[in-house]
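Model, not experiment: these values are computed from the prediction.
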Amino acid sequence: MAELAKAVGWPDMQAYHEAETDAAQRLIEGKLNWDGYEDAARQNKVALKKIFDTDPTELDEHKRNFQKFESICKDLASTFIVRAKGSASSK
């Protein structure tokens with residue numbers, strides 16, 4: 001998701017997803033205990049709220065960003081489906 005945010009030029013959302021991923025990864029690797037993970041999640045929740053509350057008049061920009069996300073995801077899904085069908089038919 002961070003890469004998608006980067007692709008559509010949404011650095012705040014990119015940072016949010018990178019922080020989420022980092023906390024989850026550190027928890028899985030044992031570098032962060034559950035309480036630390038919950039603290040990171042709370043902090044990131046506040047960061048996400050700030051992303052959307054920064055300027056409510058930019059809701060159209062957020063809508064455009066999510067539409068770009070949707071378009072990229074659909075393109076990726078189509079590519080995977082085509083490749084999977086091609087791979088299945090070649091066997």
Sub-3.5 Å donor-acceptor pair from the side chain of Thr21 to the main-chain atoms of His17, do we have one?
yes
Nearest 0.5 Å please: distance from the SG atom of Cys73 over to the CE atom of Met1.
6.0 Å
What's the separation between atom CG in Asp39 and atom CG in Asn33, rounded to the nearest 0.5 Å?
8.5 Å
Distance, nearest 0.5 Å, that separates NZ of Lys49 from NZ of Lys45:
10.0 Å
Could you see if Phe69 belongs to whatever hydrophobic cluster contains Phe80? Use Ile, Leu, Val, Met, Phe, Trp, Tyr and a side-chain cutoff under 4.5 Å.
yes
Measure the spacing between CD of Glu70 and CG of Asp75 and express it to the nearest 0.5 Å.
10.5 Å
Using the side chain to side chain contact (heavy atoms under 4.5 Å, CB included) rule, take Gln14 and Leu4 through it: C-alpha gap first, then chi angles, then the decisive distance, then the call.
CA-CA 8 Å; Gln14 178 184 354; Leu4 288 175; over 6 Å; no
Counting only heavy atoms not in Arg83 (residues, nucleotides, ligands), do more than 12 fall under 6.0 Å from its CZ?
no
Measuring from atom CH2 of Trp10 to atom CG of Asp12, what distance do you get when rounded to the nearest 0.5 angstrom?
9.0 Å
Minimal non-hydrogen separation, Ala23 against Leu32, with atom names
O-CD2, 3.8 Å
Is there a continuous path of hydrophobic side-chain contacts, each under 4.5 Å between heavy atoms, that joins Met13 to Val46?
no
Rounded at 0.5 Å granularity, tell me how far OH in Tyr37 sits from CD in Glu20.
6.0 Å
